[in-house]
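These values consider heavy atoms only, across backbone and side chains, with no hydrogens, waters or symmetry-generated copies. Labels below follow one simple rule: chain letters A, B, ... track the order of the sequence lines, proteins then strands, and each chain is numbered from 1.
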There are 4 protein chains.
Amino acid sequence: MARTIGSNGARTAEAIRQAGVKLIYRHGYEAMSLRQLAAEVGLQSGSLYKYFDNKQSLLFDIVREHMADLLAKAEADLAGIDDPMARLKAFSAFHLRYHMQRMAHVFIANMEIRSLDDDHRAMVVGLRRRYENLLEDTLREGAQAGVFKITEPKVATYAIISMLTGICMWYRPGGRLSQDQLVDIYTGLVVDGVTGPQGVPVKADKHRALV
Amino acid sequence: MARTIGSNGARTAEAIRQAGVKLIYRHGYEAMSLRQLAAEVGLQSGSLYKYFDNKQSLLFDIVREHMADLLAKAEADLAGIDDPMARLKAFSAFHLRYHMQRMAHVFIANMEIRSLDDDHRAMVVGLRRRYENLLEDTLREGAQAGVFKITEPKVATYAIISMLTGICMWYRPGGRLSQDQLVDIYTGLVVDGVTGPQGVPVKADKHRALV
Amino acid sequence: MARTIGSNGARTAEAIRQAGVKLIYRHGYEAMSLRQLAAEVGLQSGSLYKYFDNKQSLLFDIVREHMADLLAKAEADLAGIDDPMARLKAFSAFHLRYHMQRMAHVFIANMEIRSLDDDHRAMVVGLRRRYENLLEDTLREGAQAGVFKITEPKVATYAIISMLTGICMWYRPGGRLSQDQLVDIYTGLVVDGVTGPQGVPVKADKHRALV
Amino acid sequence: MARTIGSNGARTAEAIRQAGVKLIYRHGYEAMSLRQLAAEVGLQSGSLYKYFDNKQSLLFDIVREHMADLLAKAEADLAGIDDPMARLKAFSAFHLRYHMQRMAHVFIANMEIRSLDDDHRAMVVGLRRRYENLLEDTLREGAQAGVFKITEPKVATYAIISMLTGICMWYRPGGRLSQDQLVDIYTGLVVDGVTGPQGVPVKADKHRALV
DNA sequence: TATGAATGAGTATTCATTCAT
DNA sequence: AATGAATGAATACTCATTCAT
């Protein structure tokens, strides 16, 4: 049946949002149809329009809220930590834990950016930029302080975030390694990566050109 | 008219393939319509079926060929390099250069795996696995030899590949940093990451649980 | 506009069914397009899918319902008639009347069996088999009782049913002969055919072989 | 390969015709594609147009030639037989044998008449009319001579032809009954049907009206 | 709050047919 | 005699969206 006794709009809205996350995660935004979504929450597809203006705005809501949440939690987590190394470790640990616990949201936010309208995408990219800056500023400070041996903080930021985010591609709860262990391993790679003797850069071998 | 003077099957096939890569890269596989693709190469959409069986097989062809090429070139590049550290650097440099030069193909192969049929996906994932093993085996050997301080070669493999592949998300030719410089920077992070004192893992701070 | 005033799902469903019978009868299942069908009932072609899953299921519904109706009515008509001759006459009369009154349905059920999917066809053929058995059993009983001079009840069944069904190929309401008269004529041929001195079969002349 | 050494146009034309009969018999005219047909004879579909003007004319050729052949052979078979009863038996035997030996052609001619253009259909129906007249005239003469007890020769003609033609619906070579036996059985039904005491028609029972 | 009927534009795909070579 | 590249119109079917009820 479509309607549980005692159900109400807020409950339905939340159900739609969750089903949306699930289906977009599983099939992709373009491939998910509103009919599927409606079926998942026990509605007719036309009824969804009580809860959003159109399919695009559903995606935008999910992505924007996720990004805002990510940013807010990260800022809260780092608040009061001043030492660059401590901030780096805290950022890494936070990022990993968040990504392991919110894999679907994270995946959607990364994959479906190109499905957003230009305006929506710009807004989301802005939030992402602010999030990345948390790390970039830390790296920059640590580099200036001499504790991080990096010459290009922006490149390092991208590199580190890509590495950490990649955990979503393979992590599954209940695996051999606990979340704590994974945090240790990844964070170790990050810390060692930015504290090693990189200041004397490896000389790039000239490889045969790719066709 | 039946045939444009000078038209040529092989030429058309190549044009379709290139336009396919371009449009899938830009809009995503689901979002690209065959009408768009046909317009891009100056055909009626029905005429595309002289060149592939269906939309799915176009995607599969592009992805499989890319993965096979990536694997073959990597194997060729590493052939004869035995020292783990040298292999690691060579792999990193190869991966980065390949990804900077073939961004669209790489992006498609990473993003559209979920748009592949089960069988096709399995085949592509198999190729990817073989590619990842090039790195994983190297890490494992280096770890046994004591030159890499890593305890989980598989995790490190995923982490490193994610980091290196991430260059596609922001690199644009003609930027401030040359490809050689980027290879140095990223490879430095990788090498330092796996040679640092990670064997004594950073103790994970317990952060507040995420909701 | 979303909805024509006074429109009604059940009414539309029935209109689609009737238009479907009419168009399949006139043009054949393969030759009838859903656009034609939609135009006939005043809808957009996509809207038809509120009423059936696909074109095939429309055909199947029509054919199955017809066969089930034919079988049920025949069984009801013959119920309580035990004498083989009376049953034969009753079957013949029923079959003729039904076929004169439901020419389109009958024609479709006979002609479009090959357009059905394997499973659907099997189900329809099963119903047809049960219908034919009503006649075959009667012929067999009459033959055992000595009232019908036939040696091959199954062949006689096919022969009689083909003969009777053939009325659909030329009968048009309002012709010179009434339905009652046609029932008399055809039934006379049937009865005489199975009561004549066939037990001493005509010796087949050997004709020149056909190429 | 598409071309056998020494093949020539006439051979190809015949191959196309035979493949056409086979495929139309199996799938129906509408459902058979020229691509299928071309593949069956090892050509590109465009090459078929060396051998016919269009799909419709292929069908027409097959059906017309079949009808002309049927008519010619029937006329030849009946030539010189004057006695109505002998003519009836000869017609029945001829019709049955022809239909058992040329099932595909016969089936196509009966089923695909509606797929013919108006002009083509008219021509084919004309040939069929002449064929039916062979029987109708015989029945009429026999009735006047008092040997056939029928009041409506035209109706009897349709009835008999439908009955005899129906053998195509179930006959398969190699079955329990030989062609000769089937000729005996069917012809027995026909002869008995038209010689029985039908002149005093069975009074039609009034059955409940069909809905 | 939700339904259910409908739209209209879109999708991938197939078709008979053409014609330069 | 046949190819192979292409057309243009058609097909069945899906989609996001609307709106009277």
Side-chain angles (χ1 to χ4, degrees), chain A residues 2-3 7-9 11-13 30 32-38 42-56 58, chain B residues 1-13 30-38 42-56 58, chain C residues 1-13 30-38 42-56 58, chain D residues 2-3 7-9 11-13 30 32-38 42-56 58:
Chain A
R3 189 160 168 190
S7 78
N8 59 29
R11 202 130 58 194
T12 304
E30 293 281 355
M32 174 197 73
S33 84
L34 293 187
R35 289 229 244 285
Q36 272 179 283
L37 178 59
L43 289 178
Q44 291 299 112
S45 59
S47 307
L48 295 172
Y49 287 79
K50 280 270 159 191
Y51 298 92
F52 51 64
D53 287 343
N54 47 49
K55 195 187 177 190
Q56 168 73 206
L58 169 68
Chain B
M1 205 193 327
R3 188 168 176 182
T4 304
I5 287 175
S7 77
N8 167 304
R11 204 136 52 199
T12 304
E30 294 279 356
M32 174 198 72
S33 84
L34 293 187
R35 289 231 247 282
Q36 272 179 284
L37 178 59
L43 288 178
Q44 291 299 113
S45 60
S47 305
L48 295 172
Y49 287 80
K50 273 262 153 193
Y51 299 93
F52 51 65
D53 286 344
N54 47 50
K55 196 187 176 189
Q56 167 75 205
L58 170 68
Chain C
M1 205 193 327
R3 188 169 175 179
T4 305
I5 287 176
S7 78
N8 167 305
R11 204 136 53 200
T12 304
E30 294 279 357
M32 175 198 72
S33 84
L34 293 186
R35 289 232 246 281
Q36 273 180 283
L37 178 59
L43 287 178
Q44 293 298 115
S45 60
S47 305
L48 295 172
Y49 288 80
K50 272 263 153 192
Y51 298 93
F52 51 66
D53 287 344
N54 47 51
K55 196 187 176 190
Q56 166 76 204
L58 170 68
Chain D
R3 188 157 168 192
S7 77
N8 60 28
R11 203 131 57 196
T12 304
E30 294 280 355
M32 175 197 72
S33 83
L34 293 187
R35 288 229 245 285
Q36 272 179 283
L37 178 60
L43 289 178
Q44 292 298 112
S45 59
S47 307
L48 295 172
Y49 287 80
K50 279 271 159 190
Y51 298 92
F52 52 64
D53 288 344
N54 48 48
K55 196 187 176 190
Q56 168 74 206
L58 169 68

Expected output check: what is the dot-bracket annotation of DNA chain E, where ( ) and [ ] are pairs inside the strand (brackets for crossing ones), | is paired with another strand, and pairs are Watson-Crick or G-U under 3.5 Å?
.||||||||||||||||||||
B:A31: side-chain contact (heavy atoms from CB on, under 4.5 Å) partners, not counting sequence neighbours:
A:E30, B:H27
For A:Q44, side-chain contact (heavy atoms from CB on, under 4.5 Å) partners two or more places apart:
A:S47, C:K50
So which atom in [X] and which in [Y] form the shortest heavy-atom distance, rounded to 0.1 Å?
X: B:M32; Y: B:Q36; result: CA-OE1, 3.5 Å
X: C:Y51; Y: C:G9; result: CE2-O, 3.4 Å
X: B:S45; Y: B:L34; result: CB-O, 4.0 Å

Contact letters for nucleotides 9-14 of chain E, in which S counts primed atoms plus P, OP1 and OP2 and B counts the base, heavy atoms under 4.0 Å:
--BSBB
Roughly how many Å is it from [atom1] in [X] to [atom2] in [N], rounded to a whole number?
X: A:L43; N: E:dG4; atom1: CG; atom2: P; value: 11 Å
X: C:L58; N: F:dA12; atom1: CG; atom2: C1'; value: 13 Å
X: D:L37; N: F:dA2; atom1: CG; atom2: C1'; value: 15 Å
X: B:Y51; N: F:dG4; atom1: OH; atom2: P; value: 11 Å
X: B:K50; N: F:dG8; atom1: NZ; atom2: P; value: 16 Å

Hey, does C:L48 reach any base, or is it just sugar-phosphate, or nothing, if we go heavy atoms under 4.0 Å?
nothing
Please check the phosphate of E:dA6 (OP1 and OP2 only) for any side-chain N or O of C:T12 closer than 4.0 Å.
yes
C:L37/C:L58 under side-chain contact (heavy atoms from CB on, under 4.5 Å): CA gap, chis, key distance, verdict
CA-CA 11 Å; C:L37 178 59; C:L58 170 68; 3.6 Å; yes
How many angstroms lie between CG in C:L48 and OG1 in C:T12, if you round to the nearest 0.5 Å?
10.0 Å
Which residues share a ring pair (Phe, Tyr, Trp, His ring centres under 6.0 Å) with D:F52, sequence neighbours left out
D:Y49
